[in-house]
Amino acid sequence: MKFMGHAISILRKDILLEIRGRESLSLMLFLSLLLLVIFNFALDIDIDNVSSLASGILWVIFVFSGILGMGRTSMAERDEEAYLSIVFSPVSAESFYIGKVLSNLLFLLIMECFTLLFFAILFDFEKIISLLPQLLPALFLGTLGFSLVGTLFSFLTSASRYGEVLLPFLYLPVVVPVILGGVTSMDIILNDKVGGADKWIQLLAVFDVLYFAISLILFRYIIEE
Amino acid sequence: MKTNRVITILFFLLLVLIPLDFFLIFKVAPTEKVMGDVQRIFYLHVSIASGALLAFTGVFLSSILFLWTKKIAWDIAACTSAEIGVLLSTLVLITGSIWARPVWNVWWTWDPRLLTTLILWFIYVGYFLLRSGIADKFRKAQYSAVIGIIGFIDIPIVRYATKWWKSIHPLLTQNGGGLNPVMKKVMLFSITTFVVITIFLFFFRFRLARIEERLQILKKKMED
Amino acid sequence: MENWVYLFGAYTIAWLGVSFYLYINTKKQKGIEKRLADIEASLKDKK
Amino acid sequence: MNIIELRDIKKQYHAKTALDGIDITVREGDSVTIFGSNGAGKTTLLKVISGIMSPTEGKVFYNNKAYSESDIKKETFYLGHKTSLYNALTVQENMHFICRLFSINHKGEFVDSILKEHGLWERRSDPVNELSHGMKRRLALAKGFIINPKVFVLDEPFTGLDLKWRASVLSKIKDLRGKGKFLILATHLVEEGYELADYVAFLHKGRFLFIRKKEEVDIKEIKEFFHSPGDDLG
């Protein structure tokens, strides 16, 4: 299927770009580690409050580290107007968008796994690793939501002079439902609270489907001048 | 210009509606047993919120029409209603917190509806930040149309998510559920009044935007 | 009664906000109309 | 016989009118050179022709179909001031990525031969940002020859090239003529532009002063035009 073929080649290009340029992933990992250390001082985490604070801290790190990473990748596209070689090619706007969503999703997931690992090590909280299978659906759907909205907005804001400042300003309000869904469902699973996590996971799924549909339609207008 | 006529008609309509609205709120509406007179802020708060929602609907529709027809006039309409939307949502947030103070002696309540307004406020301030960052008129219109659409579609989702999240409001504020019939009528009246005010503001600002546009064109003619 | 202040405050802020917005717009409108008139005048004598 | 047609194109940026009523028709196999000094609107015009930029007024047609419906953009190569290459990737990686998009077999001899022709073969595994400005320009143009599309829109293809490479690029573009391609070129280099053209156009302040067959216009006149574009031709 040509459609996915183009998306995959864009994904491969982004992976190669990351290996060569080492721009966004290393930045994201560095920021996650730094934020973990800062949270440790700020919230004075110890054995008994770590599990209740875990989901909040982790998702704040996912959000901000993610914003930085996606901002960087879209800068690479805008640099030397490299994205024009994709626009002037048989690649449709939709598969261009899906390719970028997949590559952002991949980098975000890598960052998140490392962050979970750092968290488990720094605050010796193995529980988060052992519970990973239950956490995975919410983690994946939330990250997908971040990537869907982030790809659209990072491409949009990188065209304006205030690119770096504007992205969080527009991106954060829109992904509030994803943050809510992610934090609550992880909190419920980690602290096995009552009140099913699946309600929140459904919300994430609805969010993803909705924003996938809208962004697919609107992305074309962003790459046209 | 036909907008002038619309503005004058709406102006005279408001000359009647606003005093009547005040009369209804302060004289006709009964005093709420629990909260007392301060509950009357509720009529203002909810009607401004409906005005803001109307304005953001305007942005949503004009943005779609701009992307469809590529006519700059729709972009001016979208930008105008966005400006009014931001103005009104700011007032909603202010009146919301002034109301929360005496009733729950807290300046800010994480009520789903207030939270949605706050999030919308951020998005549409971002809308203007984006517009000021792009030089090319056409591209600016196209990108802000995308924000105009996404911002509006976000409302139900955020409402839904925040409603689950937490709501410390008493039953009373469940969209007027707790209001007795008279209160409901007064509420409806002030909502309609504010809808008319929003439309009046829109045309008023729209006329100004069109003249600004004409000034730009004339200034260019001066240069050639 | 202290609550009265909040009631009064909310209404004044709301209506102040709206009328201040209208006031700025009218001032801007007059300014632009004047400049339009000047430009049209100078365009006429340029032709 | 495919045609690209621009009808009454206008483009405004804030206070500046970049294009003020452009009408031009380009037939398949024609090559048009657009002369004009800086700020005449050449780049804007080429962006509109290539379809990356929509005009404020007027329409672009491909075979009388509105531009946006026809996906001619998929068969267009646009060479702008920027190279549209990924700086962090190497020369070969950039070209292989392009081949994958156009489903060209990048393993074969074809891509290597083009890189050799454009003198980029030795630097094939160096990242693009380590290349000299001239080499980057040559690579950006070489990309066009790899894609080999129907429409070539070249904005100042000779800038940044030394004399040796200017001649070789000139001959390569010349081979494109007569192969049923659209060739739309903007330059302020009169000799090269004149030699490549079937039609010659002069753009001044967003308007065409003239569009003529090459034979009807003499090179000296075009040079004069650059000094005093005000007085009309003939």
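Treat the numbers as computed from the prediction; the structure is a model and nothing was measured. To find a chain, count down the sequence lines: A is the first, B the second, and so on, and within it residues start at 1.
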Name the option with the most non-hydrogen atom pairs under 4.5 Å to chain B; the candidates are A/Ser215, A/Pro173, A/Gly181, A/Ala159. A/Pro173
Output the option from A/Tyr211, A/Phe207, A/Tyr171 having the highest count of non-hydrogen pairs under 4.5 Å with chain B. A/Tyr211
Heavy-atom pair with the smallest gap, counting every atom of [X] and [Y]:
X        : Y        : answer
A/Pro177 : B/Ile157 : CG-CG2, 3.6 Å
B/Lys70  : A/Tyr221 : NZ-CE2, 3.7 Å
A/Leu180 : B/Ala161 : CD1-CB, 3.8 Å

Answer with side chain, backbone, both or neither: which region of B/Tyr160 has an atom nearer than 4.5 Å to a non-hydrogen atom of chain A?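 Side chain only.
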Of the backbone (N, CA, C, O) and the side chain (C-beta and beyond), which part of B/Leu118 lies under 4.5 Å from a heavy atom of chain A, both, or neither? neither
Side chains of B/Ile150 and A/Phe153: closer than 4.5 Å at any heavy-atom pair? yes
Do A/Phe169 and B/Val125 come close enough that some side-chain heavy atom pair is under 4.5 Å?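 A side-chain contact under 4.5 Å exists here.
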Of A/Ile217, A/Leu218, A/Ile214, which is the lone residue that meets side-chain contact (heavy atoms from CB on, under 4.5 Å) with B/Val146?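 For B/Val146, the side-chain contact (heavy atoms from CB on, under 4.5 Å) check succeeds only for A/Leu218.
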Residue among B/Leu115, B/Ile119, B/Thr116 satisfying side-chain contact (heavy atoms from CB on, under 4.5 Å) with A/Val176: B/Ile119
Please rank B/Ile149, B/Leu129, B/Leu120, B/Ile123 by heavy-atom pairs under 4.5 Å with chain A and give me the top one.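 Between B/Ile149, B/Leu129, B/Leu120, B/Ile123, the count favours B/Leu129.
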Taking atom OG of B/Ser132 and atom CG of A/Leu166, what is their separation to the nearest 0.5 Å?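 Result: 8.0 Å between the selected atoms.
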Are more than 12 heavy atoms, taken from residues, nucleotides or ligands other than B/Trp107, located less than 6.0 Å from that residue's CH2 atom?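 For B/Trp107, atom CH2 is crowded (more than 12 foreign heavy atoms under 6.0 Å).
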More than 12 heavy atoms of other groups within 6.0 Å of A/Lys127 NZ: yes
Apply side-chain contact (heavy atoms from CB on, under 4.5 Å) to residues A/Val174 and B/Val158 and explain how you reach the verdict. CA-CA 8 Å; A/Val174 173; B/Val158 171; over 6 Å; no
Between B/Tyr143 (side chain only) and A/Ile222 (backbone N and O only), is there a donor and an acceptor less than 3.5 Å apart?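 Confirmed, B/Tyr143 side chain pairs with A/Ile222 backbone.
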Bottom line for A/Leu172: the part with an atom under 4.5 Å from chain B's heavy atoms is neither
